[in-house]
Amino acid sequence: MTVSDNVKGFALALSSSAFIGASFILKKFGLRRAASRGAPAGFGGYGYLVEPLWWVGMVTMIFGEIANFVAYMFAPAVLVTPLGALSIIVSAVLAHFILREKLQKMGMLGCVLCIVGSTVIVLHAPEERTPSSVDEIWSLATQPAFLFYSASAVAVSLVLMLHTAPRYGQANIMIYLSICSIIGSLTVMSIKAVGIAIKLTVEGTSQAGYFQTWVFVMVAVSCIIIQLNYLNKALDTFNTAVVSPIYYAMFTTLTIFASAIMFKDWSGQDASNIVSEICGLITVLSGTTVLHSTRDPDPPTYLDTYTPHSPKIYWHIRGNGELGKYKDDLLSPEFITVVQQDYFT
């Protein structure tokens, strides 16, 4: 009995979710240890790079990503990507027992919804037609619709990375995770292209001679580095059980959208199967939302950047459109009310 490509992709995606879910917990432990000795990753610190536990989590994640990478060789993104919901369940359960991040009853309901939605998607996923060469994949990647999506994704990501993240990243979880998710959708498309090239090469048709193969490799590596950087910032700043479901929901939606544009996953499917897949996706997203809504966020991380160098403190007050500067003793009984913002110098 031969095993279909979708079944192979399904099995690989399941193992990938287990590895990746565990890696979130291991990396979180490593980030906490590194933060106790220096600047947290959320504030630009890189102490986690010398933390062994963080590297154990990274290796675990690499195993998971390799399994995920191979899964994309056999099955379409609309099947493989939603199964990442299982990594949320793994990380939420482990966080409950190991990190003491409480998983409530509604959170358990969210886990069940994720499983049900994933099952519906698996049952109605389309069989994928594998391109015969990287040149054919390149034609798909350079079609006007996908070029427009790619250009928009890069432009939005640059605005978030260069302007928004430095100002508001510590206060708004959506900024770091938006960068991860948008870039992640491009990562999956390039990884799938590389995976198909490897599969064709193993089958006897070498794709190493195509320059497009190496373009996809460079895009994949660049996107993965950006994803890891901003995922580390999100994990270090916010609660793991909050980061995981939001990241999953955004990443899955954008990846399926990108794949539908580039690889035309839904082409040839009847309306009932497409609707079933969408309903399954909505069920999974609902589960992640329920799981997210039942969790308490981590207390914000602060650096000791406001320690004064003298017993004097200057308050810059902005109120009613006027900017004033006041100077007073740090322990003075007179307290200055900050109307809009305060800056310490």
Side-chain angles (χ1 to χ4, degrees), residues 5-6 8-10 12-17 19-20 23 61-88 118 121-122 125-126 128-131 134 136-138 140-143 145-154 156-157 177-199 212-213 215-231 244 246-266 277 281 284-285 288:
D5 283 350
N6 271 13
K8 294 176 184 177
F10 172 70
L12 288 164
L14 284 181
S15 61
S16 170
S17 295
F19 280 116
I20 292 175
S23 75
M61 176 172 278
I62 289 173
F63 278 119
E65 293 296 350
I66 290 173
N68 201 49
F69 172 77
V70 180
Y72 280 111
M73 294 184 189
F74 297 99
V78 70
L79 167 62
V80 175
T81 308
L83 291 177
L86 300 179
S87 69
I88 299 175
S118 297
I121 292 173
V122 169
E128 187 175 50
R129 186 187 70 83
T130 303
V134 171
E136 184 178 345
I137 303 174
W138 184 260
L140 296 173
T142 54
Q143 59 185 310
F146 189 73
L147 285 177
F148 177 77
Y149 174 83
S150 300
S152 301
V154 171
V156 171
S157 297
L177 296 186
S178 292
I179 297 171
C180 293
S181 302
I182 295 170
I183 295 297
S185 66
L186 300 179
T187 302
V188 171
M189 297 305 101
S190 55
I191 282 180
K192 187 170 180 64
V194 174
I196 292 173
I198 293 174
K199 182 181 179 183
Q212 295 96 327
T213 301
V215 172
F216 285 127
V217 169
M218 289 187 291
V219 171
V221 171
S222 301
C223 290
I224 288 171
I225 292 173
I226 294 172
Q227 275 186 271
L228 288 177
N229 183 38
Y230 283 94
L231 182 58
S244 299
I246 296 178
Y247 177 43
Y248 166 78
M250 296 176 64
F251 172 73
T252 300
T253 302
L254 290 173
T255 298
I256 291 177
F257 182 64
S259 184
I261 295 174
M262 180 173 171
F263 290 99
K264 299 178 173 62
D265 290 335
W266 288 332
E277 291 166 27
L281 177 61
V284 173
L285 296 181
T288 60

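- Between the side chain of S150 and the backbone N or O of F146 there is at least one donor-acceptor pair closer than 3.5 Å.
- Between the side chain of S185 and the main chain of I182, a donor-acceptor pair closer than 3.5 Å is present.
- S259 places no side-chain N or O within donor-acceptor distance of the main-chain N or O of T255, the cut-off being under 3.5 Å.
- With contacts defined as side-chain heavy-atom distances shorter than 4.5 Å, the pair Y230/I183 does not qualify.
- The CE atom of M250 sits 6.5 Å away from the CG atom of L177 when rounded to the nearest 0.5 Å.
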Report, one line per pair, each donor and acceptor closer than 3.5 Å where one atom sits in a side chain of residues 72-81; sequence neighbours left out.
from : atom 1 : to  : atom 2 : distance (Å)
Y72  : OH     : T81 : OG1    : 2.7
T81  : OG1    : A77 : O      : 3.0

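- Residues D5 and K199 are in side-chain contact: their nearest non-hydrogen atoms beyond the backbone lie under 4.5 Å apart.
- Using a 4.5 Å heavy-atom cutoff, the side chains of I224 and I191 are in contact.
- For the pair F251/V188, a side-chain contact is recorded, criterion being any heavy-atom separation below 4.5 Å from C-beta on.
- Heavy-atom minimum distance, N6 versus A125: ND2-O, 3.8 Å.
- No side-chain heavy atom of P82 sits less than 4.5 Å from a side-chain heavy atom of E277.
- The nearest pair of heavy atoms linking T213 to A197 is CG2-CB, 4.2 Å.
- No side-chain heavy atom of I261 sits less than 4.5 Å from a side-chain heavy atom of F148.
- Atom CD1 of residue I226 and atom CD1 of residue I179 lie 9.0 Å apart, to the nearest 0.5 angstrom.
- Rounded to the nearest 0.5 angstrom, Y247 OH and T252 OG1 are separated by 9.0 Å.
- Note that CD of E65 and CG of L228 are 8.0 Å apart. Values are rounded to the nearest 0.5 Å.
- Side-chain contact between M262 and I137 is present, with heavy atoms from C-beta onward closer than 4.5 Å.
- Proximity of a side-chain donor or acceptor of S222 to a complementary backbone N or O of V219 within less than 3.5 Å is not detected.
- Rounding to the nearest 0.5 angstrom, the gap separating the CG atom in L12 from the OG atom in S17 is 11.0 Å.
- Note that the CG atom of L254 and the OG atom of S181 stand 6.0 Å from one another [nearest 0.5 Å].
- The side chain to side chain contact (heavy atoms under 4.5 Å, CB included) test with S16 is passed by exactly one of V70, I66, N68: N68.
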Run I196 and F216 through side chain to side chain contact (heavy atoms under 4.5 Å, CB included) and show every step you take.
CA-CA 11 Å; I196 292 173; F216 285 127; over 6 Å; no

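- Contact annotation: the side chain of F69 approaches that of I198 to within less than 4.5 Å [non-hydrogen atoms, C-beta and beyond].
- Listed here is the closest heavy atom pair of A13 and L83: CB-CD1, 3.5 Å.
- Counting all heavy atoms, side chain and backbone alike, L147 lies closest to A141 at CD2-O, 3.8 Å.
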